[in-house]
Peer 1: 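Once you've had a glance at the structure underneath, I'll fire off some questions.
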There are 2 protein chains.
Amino acid sequence: MIIIIFIIRPMSLRMTPQRHAVLTLINGSARHWDAEAISRALQKNDQRIGIATIYRTLSVLEEAGLIAAVVIGQRKHYERIDKPHHDHMVCEACGRIEEFFHQDIETLQHDIAKRHGFCIQGHSLVIFGLCRQCQ
Amino acid sequence: MIIIIFIIRPMSLRMTPQRHAVLTLINGSARHWDAEAISRALQKNDQRIGIATIYRTLSVLEEAGLIAAVVIGQRKHYERIDKPHHDHMVCEACGRIEEFFHQDIETLQHDIAKRHGFCIQGHSLVIFGLCRQCQ
DNA sequence: ATGGATGCAAAAGTTTTGCACCTCT
DNA sequence: AGAGGTGCAAAACTTTTGCATCCAT
């Protein structure tokens, strides 16, 4: 006997005030945000949203492809999606995060993945160092 | 008035049974271990070490340059140091971790860091995808 | 004796979950 | 009414810290 279970998920998510606030915050800057930073920024703006809602909202927005996630130093950060793909360079002294894109690095990653028989789905490249100001 | 404080740190660390057990475990396999996995593996081997000691030991061993650390998916993993530098490829289905090294990728990272005025100190490159078996 | 290491338990930090309530069709 | 969202508090997890005790000089 074969049992097939369909799990029907809504195709579109409800854009509530909370979700809108989080999305607007992220889309309104080039920064990388973690849940804590979002919570603090919204509070300063008199929009207090429960931290649980923030976590749930970030998952939902990421799954919907409306924001991008990067893990930086064991912590998930989110940024707006309307930038072309890029990787990150983090200053270990001041925390500054810079973005870069290098087509050759991208290409070589695909090459090496193929060589290992991997079907590449994504990557995370973070360069650590000292920025110009902190050297 | 200028006060100079010298903090004298021991140059060598004491190789206690606990530290030896952790080091032996890591050096005895090609795996990547997190604190939990180490704790479980040692228990199976009738060597129970307090989890706090494991965390402290891992820091100490890493600082001493006896093991290497990699952050994979928000969690710090440790592996033996006696391998040449490499990056990682993680199968999102089965968790398999493969290693690779690509000199051109290394070189290009240095190029791009220099171009941004960054003094590069390290990097973390993890490729996500599906391994041959899981496709 | 003394400095370092350990184990335990408690604390801290981060993220998830349960649940009652609310909101929008 | 029903599905989905929210806030709060509690729980779950991971990692760190305080402290009494132990161990090896």
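Proteins come first, then strands; the chains are lettered A, B, ... in the order of their sequence lines, and each starts at number 1. Heavy-atom basis, side chains included; hydrogens, waters and symmetry copies ignored.
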Peer 1: Write out a two-atom table: protein N or O, nucleotide N or O from nucleotides 10-13 of chain D, distance below 3.5 Å.
Peer 2:
none

Peer 1: For A:L130, which fellow cluster members are found when Ile, Leu, Val, Met, Phe, Trp and Tyr are connected by side-chain heavy-atom distances below 4.5 angstrom, either directly or through intermediates?
Peer 2: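 Direct or chained contacts put A:L130 with none.
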Peer 1: So which of residues 34-55 of chain B are in contact with DNA chain D, with a heavy-atom cut-off of under 4.0 Å?
Peer 2: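 Heavy-atom cutoff 4.0 Å gives B:A52, B:Y55.
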Peer 1: With respect to the phosphate group of D:dG5, does any side-chain polar atom (N or O) of A:T57 fall under 4.0 Å of OP1 or OP2?
Peer 2: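 Indeed not, no polar side-chain atom of A:T57 lies that close.
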Peer 1: For A:R96, what residues pass the salt bridge (Lys or Arg N to Asp or Glu O under 4.0 Å) criterion, not counting sequence neighbours?
Peer 2: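 For A:R96 the salt bridge (Lys or Arg N to Asp or Glu O under 4.0 Å) partners, ignoring immediate neighbours, are A:E98.
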Peer 1: Name all residues meeting the salt bridge (Lys or Arg N to Asp or Glu O under 4.0 Å) criterion together with B:K83; count only those two or more places apart in sequence or in a different chain, and write none if there are none.
Peer 2: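 With sequence neighbours excluded, B:K83 shows a salt bridge (Lys or Arg N to Asp or Glu O under 4.0 Å) to B:E79, B:E99, given in chain and number order.
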Peer 1: Would you tabulate the nitrogen or oxygen pairs shorter than 3.5 Å linking the protein to nucleotides 19-25 of chain C?
Peer 2:
none

Peer 1: How would you list, by chain and number, every residue that makes a salt bridge (Lys or Arg N to Asp or Glu O under 4.0 Å) with A:E106, sequence neighbours excluded?
Peer 2: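 Counting only residues at least two positions away or on another chain, A:E106 forms no salt bridge (Lys or Arg N to Asp or Glu O under 4.0 Å).
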Peer 1: Could you tell me which residues satisfy salt bridge (Lys or Arg N to Asp or Glu O under 4.0 Å) with B:D34, sequence neighbours excluded, listed by chain and number?
Peer 2: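 With sequence neighbours excluded, B:D34 shows a salt bridge (Lys or Arg N to Asp or Glu O under 4.0 Å) to B:R75, given in chain and number order.
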Peer 1: For residues 45-56 of chain A, please give each side-chain donor-acceptor pair under 3.5 Å, one per line with the distance, not counting sequence neighbours.
Peer 2:
from: A:N45; atom 1: ND2; to: A:Q47; atom 2: OE1; distance (Å): 3.0

Peer 1: Share the residues that join A:I97 in a hydrophobic cluster, the rule being Ile, Leu, Val, Met, Phe, Trp or Tyr side chains under 4.5 Å apart at the heavy-atom level.
Peer 2: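 A:V70, A:I72, A:V90, A:V126, A:F128, which link up through side-chain heavy atoms under 4.5 Å apart, make up the rest of the cluster.
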Peer 1: Table please: side-chain donor-acceptor pairs of residues 15-25 of chain B below 3.5 Å, with sequence neighbours left out.
Peer 2:
from: B:T16; atom 1: OG1; to: B:R19; atom 2: N; distance (Å): 3.2
from: B:R19; atom 1: NH1; to: B:R14; atom 2: O; distance (Å): 3.0
from: B:T24; atom 1: OG1; to: B:H20; atom 2: O; distance (Å): 2.7

Peer 1: ring-ring contact (aromatic ring centres under 6.0 Å, His included): which pairs involve residues 79-114 of chain B, sequence neighbours left out?
Peer 2: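 Passing the test, one end in residues 79-114 of chain B: B:H32-B:H88, B:H85-B:H123, B:H86-B:H88.
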Peer 1: Looking only at side-chain N and O atoms, does A:Q74 come under 4.0 Å of OP1 or OP2 in D:dT14?
Peer 2: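 For D:dT14, neither OP1 nor OP2 has a side-chain N or O of A:Q74 closer than 4.0 Å.
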